[in-house]
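Numbering of ligands and ligand atoms starts at 1, following listing order. Owing to the predicted nature of the structure, the values given are computational and were not obtained by experimental measurement. The chain is numbered in sequence order, starting from 1.
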Amino acid sequence: MQHDSLQTIIAQEAIKVGFSAAGVAAVPNSGSPEDQNDRQAFVEWIEHGNAGEMEYLKRRNEAGDFVRSSLRVAAPWVKSVVICVTNYNSPQPLSTDPAPAESGWVARYAWTGQQSNSGDLIPSDYHRVLLKRLEKLDTALKEALGDFESKCYVDTGPLVERVYARHAGVGWMGKNTCILNQKLGSWLFLGVILTSLELPADQFAQLAPDRCGSCSRCIDACPTGALIGPRQMDANLCISYLTIEKRGPIPVELREGIGRQVFGCDICQDVCPWNRKAPISSDPELQTRQELVNPALGWLAGLNQQSFSELFFGSPIKRAKFEGLRRNIAIAMGNSHSRNFLPTLEEWTESEDRVLAEAAGWAIEQIENDVP
Ligand code: B12
Ligand code: SF4
Ligand code: SF4
């Protein structure tokens with residue numbers, strides 16, 4: 001092998017295939033202090049009930065260990081993890097900026113689109129975009145370093161990607177639990193290649209210094225109190241979880257805090273001072289679909305199952321499902337306090353979808369109870 005370290009080779013090749021930055025981390029030995037810390041943090045998080053109804057995070061192996069608590073549990077053949085990040089920042093407004101009346105908010109990561117052959121901007125899903133790049137990188141690394149075992153993942157791998165991003169020196173873990181890179185900020189998608197490559201100890205990445213300091217803006221700004229401490233989230237309270245992952249009714253006491261977010265939440269990243277300097281992405285596969293920036297709630301409410309499927313085919317938004325999005329729209333309408341939404345909400349109270357009907361009833365109450 002040439003004199004360049006694995007870190008340098010990986011970073012160079014990753015940039016060639018379209019990533020913004022990359023690094024590699026050795027998987028800590030079983031029982032080492034690092035392994036124990038990561039495992040314990042994960043187990044405690046799950047056992048405190050912080051994962052809500054995200055059952056896939058709670059999966060156990062035959063021995064009863066949480067699969068995602070450690071790669072030593074999930075995939076003992078893995079020696080190192082290549083972590084790649086892609087910037088998805090765009091020049092559009094923040095969710096915390098003043099917005100048109102009666103508009104909702106869709107999280108920035110779900111705005112992405114790419115040009116079709118006919119020139120239209122069609123949805124792009126970051127999972128697919130990053131996976132293609134990871135596979136190219138995997139091939140390039142095998143050409144440069146010789147064959148090794150590997151497996152590429154975006155989101156779906158049996159690991160906490162942010163823990164490895166931190167070990168790989170790609171960024172520090174902000175108090176909002178997001179990975180922050182000093183130059184790129186936190187508007188980053190993460191992708192990983194699990195590999196059988198042994199990382200020599202003299203090539204371990206240096207941890208990026210924690211630059212949150214005494215700041216606590218993200219914790220203070222979270223409207224539902226989901227950041228229960230620095231780097232500690234109760235997902236049950238997180239608007240992102242409630243609007244994307246949670247099925248059925250949203251607990252009444254959290255509805256007001258949801259405000260106008262109809263899919264995901266960006267507040268704890270919008271207020272982060274490190275994101276003020278974050279570069280804008282010019283990635284052709286992650287361009288902004290303008291119609292999703294401050295979308296009119298009335299327009300979204302007019303979608304039917306078919307137009308929802310067409311508009312969000314290949315978009316992360318389909319994860320919320322049509323029913324979930326309409327439930328969220330009803331709550332955002334209630335929080336808008338606009339009487340213009342009353343006809344739609346009245347109609348929804350008659351819906352066979354009882355979750356929607358109940359959310360619409362709640363929203364009507366919010367509007368009717370307004371003191372003029
Ligand atoms: C489940 C999940 C969620 C859940 C739970 C979030 C959470 N904080 O865990 C919900 C639905 C709420 C969610 C929301 C979002 N998510 Co999400 N999510 C995931 C997923 C699939 C798994 C994460 C996981 O395992 N969480 C479990 C807990 C245990 O992990 P954790 O919070 O990171 O906790 C660990 C650390 O806090 C650590 N820890 C605690 N204290 C300390 C101290 C130190 C010093 C260290 C090192 C560690 C440490 O120990 C904990 C246990 O291991 C990952 C992809 C993946 N496979 O990793 C994407 C991922 C984390 N999500 C991502 C994104 C983009 C989002 C959203 C921004 C989307 C949006 N706009 O709505 C929000 C951000 C909300 C937030 N503030 O985190 C990105 C994060 C990119 C980044 N820059 O960090 C990821 C990596 C997806 C990807 N491939 O790009 N997400
Ligand atoms: S994504 Fe929103 S609700 Fe979740 S922790 Fe951040 S500010 Fe709070
Ligand atoms: S807002 Fe402040 S505390 Fe939160 S992640 Fe950014 S720098 Fe860290």
Within a reach of under 6.0 Å around CD of Glu44, are more than 12 heavy atoms found that belong to other residues, nucleotides or ligands? yes

Relative to the heavy atoms of Gly264, which atoms of ligand 1 are at a distance of less than 4.0 Å? 72 (O)

Pair Glu13-Lys16, salt bridge (charged side-chain N to carboxylate O under 4.0 Å, His left out): steps then yes or no: CA-CA 5 Å; Glu13 295 296 330; Lys16 280 191 213 160; 3.1 Å; yes

Please check if any side-chain donor atom of Ser281 sits under 3.5 Å from a side-chain acceptor atom of Asn89, or the reverse. no

Tell me which part of Glu161 gets within contact of ligand 1: side chain, backbone, both or neither, using heavy atoms under 4.0 Å. both

Quick check: does Trp45 get an N/O under 3.5 Å from an N/O on ligand 1? no

List every atom of ligand 1 that sits less than 4.0 Å from any heavy atom of Cys238, numbering the atoms from 1 in the order shown and giving each element. 12 (C)

With a heavy-atom distance limit of 4.0 Å, tell me whether Thr177 approaches ligand 1 through its side chain, its backbone, both, or neither. side chain

Which of the numbered atoms in ligand 3 are below 4.0 angstrom from a heavy atom of Lys175? 3 (S), 5 (S), 8 (Fe)

With a cut-off of 4.0 Å, which atoms of ligand 1 are near a heavy atom of Cys268? 77 (N)

Determine whether any heavy atom of Tyr56 lies closer than 4.0 Å to an atom of ligand 1. yes

Ligand 1 N/O within reach of Asp155 N/O, cut-off under 3.5 Å: yes

Quick one: do the Asp138 and Ser150 side chains pair a donor with an acceptor below 3.5 Å? yes

Under 4.0 Å, counting heavy atoms only: does Gln269 come that close to any atom of ligand 1? yes

Is the shortest N/O to N/O distance between Tyr126 and ligand 1 below 3.5 Å? no

Closest to atom 50 (O) of ligand 1 by heavy-atom distance, out of Pro316, Ala51, Ala41, Gly174, is Ala41

Testing Asp65, Asp38, Asp35 for side chain to side chain donor-acceptor pair (under 3.5 Å) with Ser70, which one passes? Asp35

Under a heavy-atom criterion of less than 4.0 Å, does Thr156 contact ligand 1? no

At under 4.0 Å between heavy atoms, which part of Arg231 makes contact with ligand 1: side chain, backbone, both or neither? both

Around ligand 2, what residues show up once you keep those with a heavy atom under 4.0 Å from it? Cys222, Thr224, Ala226, Leu227, Met233, Cys238, Ile239, Cys265, Ile267, Cys268

Sub-4.0 Å protein heavy atom next to atom 58 (O) of ligand 1: yes

Check the side chains of Asn275 and Ser186 for a donor-acceptor pair under 3.5 angstrom, ignoring hydrogens and angles. yes

Cys265: numbered ligand 1 atoms lying under 4.0 Å from its heavy atoms: 70 (C), 71 (N), 72 (O)

Atom indices of ligand 1 within 4.0 angstrom of Leu188 heavy atoms, with elements: 81 (C), 82 (C), 83 (N)

Could you tell me if Asn294 and Arg260 have a donor-acceptor pair between their side chains, going purely by distance under 3.5 Å? yes

Could you list the atoms of ligand 1 found under 4.0 angstrom from a heavy atom of Tyr109? 69 (C), 70 (C), 71 (N), 72 (O)

Go through Trp187 and Trp274 one step at a time and tell me if the ring pair (Phe, Tyr, Trp, His ring centres under 6.0 Å) criterion holds. CA-CA 10 Å; Trp187 304 114; Trp274 287 100; over 10 Å; no

Are any of the N/O atoms on Arg162, whether in the backbone or the side chain, positioned under 3.5 angstrom from an N/O atom of ligand 1? yes

Test of proximity, Ser186 against ligand 1: N or O pairs below 3.5 Å: yes

Backbone or side-chain N or O of Leu227 under 3.5 Å from ligand 1 N or O: no

Min N/O separation Gly157 to ligand 1 under 3.5 Å: no

Considering only heavy atoms, does Arg108 approach ligand 1 within less than 4.0 Å through its side chain, its backbone, both, or neither? neither

